[in-house]
Amino acid sequence: MRVLVTGAAGFIGSNYVRTLLQGGYPGYEDARVTVLDKLSYAGRRDNLPASHPRLEFVQGDICDLPLVTEVADGHDAVLHFAAESHVDRSVDSAAEFIRTNVGGTQTLLDACVERGVERVVHVSTDEVYGSIAQGSWTEEWPLAPNSPYAASKAASDLVARSYWRTHGVDLSITRCSNNYGPHQHPEKLIPLFVTNLLRGEQVPLYGDGRNVREWLHVDDHCRAIQLVLTKGQAGETYNVGGGNELTNVDITRRILELCGADWSMVHRVADRKGHDLRYALDDSKIRDQLGYEPLVPFEQGLADTVAWYRDTPSWWQHVTQERAVHAGTALYQEN
Ligand code: NAD
Ligand code: TDX
């Protein structure tokens, strides 16, 4: 078994590959992995083992058709994580999101068709459904993305679906809620707040902080992706949720407590443009059909994540310095 994993120098893909190489997915203990990653600002080679007998790392762009076609050759399955993933950056500038998330997905799938890859999982997000005031989204819910990031992911989902319908690619799509865990770039809420507090700095809470997100540990997301890879049906989409629904004020309080800080460390800043109020998934399909259930208790997962950032400053210190250059733009304007 040979698996090609795109974007696995990033947060979620690297978690998947590390677990796979550690023998964490039954039946895949001997699987060989090729990682294709551009190493954008979000990708880090050191998120993966420096060398491993079952790992090959290729630095390259999923939009580069000759390269992707060559790399795809001989693989049984493709797991497609590579994307521009941060909403605020897409508000600043959308072009790279459309290029990578839409064009890159189309290019990758052309390569899969050309090289006869047998199985593809396209990793997507709950944000494609928009925002929901009450209740939760099933997979049949209409797509109504609000940010350029979410729109680019929705477009890529439709491109992916079309390669199943048109070219007969055995492809499934996953749509997961907000992930948290180690190795997440400090531009996202949890690692940003934790690393700011560890440096004795305030945390920037957008707007009134009443926006709701459903937080799922990255280990649970990756196990769900493995289930979809091995048991999912072609042409089907699977929501992956079951995390904890919390307002941003609630999660901020928990992070403050774990970092030994209080509310005086919160800096209210201008709201994100087009800020989605609430995400909530109905994930009964993957539970009932594939036997998924999240295993990491939220309190434990969050405490472990804070501990990882506390114990691994060498991983994030230089990244937060880069972010400081970005701060001072519209992203962190005061109310
Ligand atoms: P990330 O930003 O941490 O990692 C993205 C990776 O893709 C990086 O290693 C980057 O170098 C690589 N990449 C970017 N552009 C590329 C290109 N053109 N060619 C090759 N590689 C490229 O993202 P993440 O949080 O790990 O998210 C992974 C996937 O999961 C994305 O598709 C995202 O939409 C989806 N997702 C994320 C979350 C979340 O909470 N983070 C939730 C649901 C779904
Ligand atoms: O500094 C901040 N202050 C703040 O209040 C940041 C970075 C975020 N927020 C708010 C905005 C959101 O309501 O916190 C919430 C979470 O923000 P992000 O961590 O940026 O995540 P979100 O926008 O919800 O999107 C995430 O989940 C779905 C991922 O980044 C996406 O890749 C994934 O698809």
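Numbers for residues simply follow the sequence, beginning at 1. As the structure lists them, so they are numbered: ligands from 1, and atoms in each ligand from 1.
- In this structure the side chain of V113 reaches within 4.5 angstrom of the side chain of V169, judged on heavy atoms.
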- Message: With side-chain contact (heavy atoms from CB on, under 4.5 Å) as the criterion, how do W263 and R253 come out once you've worked through the C-alpha distance, each side chain's angles and the decisive distance to 0.1 Å?
- Response: CA-CA 7 Å; W263 197 256; R253 284 193 200 289; 3.8 Å; yes
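- The shortest N or O to N or O distance between S85 and ligand 2 is below 3.5 Å.
- Taking a cut-off of under 4.0 Å to the non-hydrogen atoms of V123, the atoms of ligand 1 that pass are 30 (O), 32 (O).
- Taking all heavy atoms of A82, A83, G7 into account, the minimum distance to atom 14 (C) of ligand 1 is reached by A83.
- Polar contact check, L189 against ligand 2: a nitrogen or oxygen pair lies under 3.5 Å apart.
- Among Y292, Y129, W137, the one residue that satisfies the side-chain hydrogen bond (donor to acceptor under 3.5 Å, both in side chains) test with N239 is Y129.
- The distance from atom CG of L229 to atom CG of L290, rounded to the nearest 0.5 Å, is 11.0 Å.
- Nearest residue to atom 9 (N) of ligand 2 from F193, W215, Y180, Y206 is Y206 (criterion: closest heavy atom).
- On a distance-only criterion, D126 and ligand 2 share no N/O pair closer than 3.5 Å.
- The nearest heavy-atom contact from the protein to atom 44 (C) of ligand 1 is S124 O, 3.0 Å.
- Applying side-chain hydrogen bond (donor to acceptor under 3.5 Å, both in side chains) to H122 and the options T237, D157, T174 leaves one that passes, D157.
- Ranking protein heavy atoms by distance to atom 43 (C) of ligand 1, first place goes to C176 O, 3.4 Å.
- With distances taken over non-hydrogen atoms, the option nearest atom 23 (O) of ligand 1 out of A150, S85, S40, S156 is S85.
- Nearest protein heavy-atom neighbour of atom 18 (N) of ligand 1: D61 OD1, 2.9 Å.
- Scanning the protein for heavy atoms near atom 42 (C) of ligand 1, the closest one is S177 O, 3.3 Å.
- If you look at E127 next to ligand 2, the close heavy atoms, those under 4.0 Å, all belong to the side chain.
- Backbone and side-chain nitrogen or oxygen atoms of D276 are examined, and none is located within less than 3.5 angstrom of a nitrogen or oxygen of ligand 2.
- Atoms of ligand 1 lying under 4.0 Å from any heavy atom of G43, numbered from 1 in the order shown and given with element: 8 (C), 9 (O), 11 (O).
- The shortest N/O to N/O separation between D88 and ligand 2 does not fall below 3.5 Å.
- Distance from atom 3 (O) of ligand 1 to its nearest protein heavy atom, with residue and atom name: F11 N, 3.0 Å.
- Evaluated by nearest non-hydrogen atom to atom 18 (P) of ligand 2, the leading choice among R268, R213, R272 is R272.
- Applying the 6.0 Å contact sphere to CZ of R54 captures more than 12 heavy atoms from other residues, nucleotides or ligands.
- The residue among V240, D37, L67 with a heavy atom at the shortest distance from atom 8 (C) of ligand 1 is D37.
- In this structure, CZ in R213 is found 12.0 Å from CD1 in I190, a value given to the nearest 0.5 Å.
- In terms of hydrophobic clustering, with Ile, Leu, Val, Met, Phe, Trp and Tyr side chains grouped at heavy-atom distances under 4.5 Å, L216 and V228 are assigned to a common cluster.
- Annotation: atom 21 (N) of ligand 1 to nearest protein heavy atom, K38 N, 3.1 Å.
- Annotation for ligand 1: atoms under 4.0 Å from non-hydrogen atoms of G10 are 3 (O), 4 (O), 8 (C), 9 (O).
- Distances below 4.0 Å separate heavy atoms of Y149 from the following atoms of ligand 2: 31 (C), 32 (O), 33 (C), 34 (O).
- Comparing V128, I62, I12 by heavy-atom distance to atom 39 (C) of ligand 1, the nearest is I12.
- Side-chain atoms of Q106 and Y163 include no donor-acceptor pair closer than 3.5 Å.
- At a 3.5 angstrom cut-off on N or O pairs, V87 does not count as close to ligand 2.
- At least one heavy atom of G60 sits closer than 4.0 Å to an atom of ligand 1.
- When non-hydrogen atoms are compared, ligand 2 lies under 4.0 Å from the side chain of L192 (C-beta onward) but not from its backbone.
- Under 3.5 Å, the side chains of S85 and K188 contain a donor-acceptor pair of N or O atoms.
- Atoms of ligand 2 found under 4.0 Å from any heavy atom of H275, numbered from 1 in the order shown, are 11 (C), 12 (C), 13 (O).
- Between S136 atom OG and R278 atom CZ the span is 7.0 Å, to the nearest 0.5 Å.
- Salt-bridge annotation for R223 and D220: present, with a side-chain N of the basic residue lying under 4.0 Å from a carboxylate O of the acidic one.
- Within a 6.0 Å sphere centred on CZ of R45, heavy atoms belonging to other residues, nucleotides or ligands number more than 12.
- With distances taken over non-hydrogen atoms, the option nearest atom 34 (O) of ligand 1 out of Y41, F81, Y149 is Y149.
- Of the options L48, L55, V17, a side-chain contact (heavy atoms from CB on, under 4.5 Å) to V5 is made by V17 and by none of the others.
- Contact annotation: the side chain of Y25 never approaches that of I225 to less than 4.5 Å [non-hydrogen atoms, C-beta and beyond].
- At least one heavy atom of E187 sits closer than 4.0 Å to an atom of ligand 2.
- The closest side-chain donor-acceptor pair between R99 and S152, if any, does not fall under 3.5 angstrom.
- With a 4.0 Å cut-off on non-hydrogen atoms, K153 touches ligand 1 through its side chain and not its backbone.
- Side chains of R199 and T195: no donor on one and acceptor on the other come within 3.5 Å.
- Which parts of ligand 2 touch L205 is read off a 4.0 Å heavy-atom cut-off, strictly below it: atoms 5 (O).
- In this structure, atom 15 (N) of ligand 1 lies nearest to the protein heavy atom T100 CG2, 3.6 Å.
- Under 4.0 Å from ligand 1, the heavy atoms of L39 that appear belong solely to its backbone.
- Counting only distance, with no hydrogens or angles, the side chain of D76 and the backbone of R2 share a donor-acceptor pair below 3.5 Å.
- Residue H86 has at least one heavy-atom neighbour below 4.0 Å for each of these atoms of ligand 2: 20 (O).
- The single protein non-hydrogen atom nearest to atom 40 (O) of ligand 1 is N179 N, 2.9 Å, given as residue, atom name and distance.
- Every atom of ligand 2 is numbered from 1 in the order shown, and the set under 4.0 Å from a heavy atom of Y279 is 24 (O).
- Listed by number with element, the atoms of ligand 2 under 4.0 angstrom from any heavy atom of P204 are 1 (O), 2 (C), 3 (N), 4 (C), 5 (O).
- The closest donor-acceptor contact from the side chain of T19 to the backbone of G24 lies at 3.5 Å or more, if one exists at all.
- Inspection of the N101 and Y149 side chains reveals no N or O donor paired with an N or O acceptor under 3.5 Å.
- Near K188, meaning under 4.0 Å from any of its heavy atoms, are these atoms of ligand 2: 19 (O), 30 (O).
- Ligand-side atoms of ligand 2 in range of T125: 28 (C), 33 (C), 34 (O), range being under 4.0 angstrom from any heavy atom.
- Taking the charged nitrogens against the carboxylate oxygens, K38 and E96 do have a contact shorter than 4.0 Å, which makes a salt bridge.
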